[in-house]
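Inspection log for the structure reproduced underneath, given as structure tokens.
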Amino acid sequence: METETNNSAVIKIPSPITHLSFMASQIWLRIVAAATSIAAVCLMLHSRQSKVLFGTPMDARYTYSPAFKFFMFMNVVACALSVLSLLPVFTLARKFSNSINYFYLFLHDLILLILLAVGSGAATAFAQVGKFGNSHAGWMPICDNFGKFCHKLSSSLILGYITLLCYLLLAIISANKARQIPV
């Protein structure tokens, strides 16, 4: 059986993400990530509640937990770098920009994705202990008594996870674009 190879019959399928949609998604997702991360920080900063329990004044603040402080710091970093990363994205819009910059953009998105995932995971674990307690360690849940504090924390965590989702999408889109760089 004889097979014939015809190089002219090879059809190159274009990427489903065109340059214009790539740029629009990069800009839009970075703006949404900056907005949700700064909103998460604002909610975390204002999450405090004081109450008198059994005749003793009690206070619930985010600063009492290193996990919440780390979560807040990572969201501040994500907001600042989201805004600053708009500059390289705008330079990539030019046709004569260096294509290796797509790879650097991917690394930037991946590093922020990892930092946000670590911060969100730590804060979620601590929030879970605050909400449900830990009977084995003798820790009682505090959300029964500090509902306002817990609602602000959970809202902040939800916004943090939206930021995380934005950076996950940015990393996937950037990886797809970096994959198309001719070596």
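This structure is a prediction, so every number in the text was calculated from the model and none was measured.
Side-chain contact between Thr91 and Leu87: absent, with no pair of heavy atoms (C-beta onward) separated by less than 4.5 Å. With contacts defined as side-chain heavy-atom distances shorter than 4.5 Å, the pair Tyr102/Ser174 does not qualify. The side-chain heavy atoms of Phe90 and Gln26, taken from C-beta on, include no pair separated by under 4.5 Å. Put simply, the side chain of Arg30 reaches to within 4.5 Å of the side chain of Asp109, judged on heavy atoms. Side-chain contact between His108 and Tyr104: absent, with no pair of heavy atoms (C-beta onward) separated by less than 4.5 Å. At least one side-chain heavy atom of Ile173 sits under 4.5 Å from a side-chain heavy atom of Leu29. Within the 4.5 Å cutoff, no side-chain heavy atoms of Leu168 are placed close to those of Leu164.
Across every non-hydrogen atom of Gly160 and Phe71, the tightest pair is CA-CZ, 3.9 Å. Nearest heavy atoms, Ser82 versus Ala33: OG-CB, 3.9 Å. Between Tyr167 and Ala78, the shortest heavy-atom contact is OH-O, 4.1 Å. Minimum interatomic distance between Ala171 and Leu113 (heavy atoms only, all atoms of both residues): CB-CD2, 4.3 Å. When all heavy atoms of Tyr161 and Ser120 are compared, the pair lying nearest together is OH-O, 3.3 Å. Listed here is the closest heavy atom pair of Cys79 and Ser37: CB-OG, 3.1 Å.
Linking ILVMFWY residues whenever their side-chain heavy atoms come closer than 4.5 Å, directly or via other members, leaves Leu43 and Phe149 in distinct clusters. In terms of hydrophobic clustering, with Ile, Leu, Val, Met, Phe, Trp and Tyr side chains grouped at heavy-atom distances under 4.5 Å, Phe68 and Ile162 are assigned to different clusters. A continuous path of Ile, Leu, Val, Met, Phe, Trp and Tyr side chains, each step under 4.5 Å between heavy atoms, connects Phe106 with Ile172, placing both in one hydrophobic cluster. Leu116 and Leu84 fall within a single hydrophobic cluster, where Ile, Leu, Val, Met, Phe, Trp and Tyr are joined by side-chain heavy atoms under 4.5 Å apart, directly or via other members. Note: the hydrophobic cluster containing Leu45 does not contain Ile38 (ILVMFWY, side chain heavy atoms under 4.5 Å, direct or indirect links).
Checked options Leu159, Leu153, Asn75; the residue passing with Met44 is Leu153 (criterion: side chain to side chain contact (heavy atoms under 4.5 Å, CB included)).
Between atom CG of residue Leu110 and atom CG of residue Leu115 there is a gap of 9.5 Å, rounded to the nearest 0.5 Å. Taking CG from Leu169 and CH2 from Trp28, the interatomic distance works out to 8.5 Å, rounded to the nearest 0.5 Å.
With hydrogens and angles ignored, the 3.5 Å screen pairs no side-chain donor or acceptor of Ser156 with any backbone N or O of Lys152.
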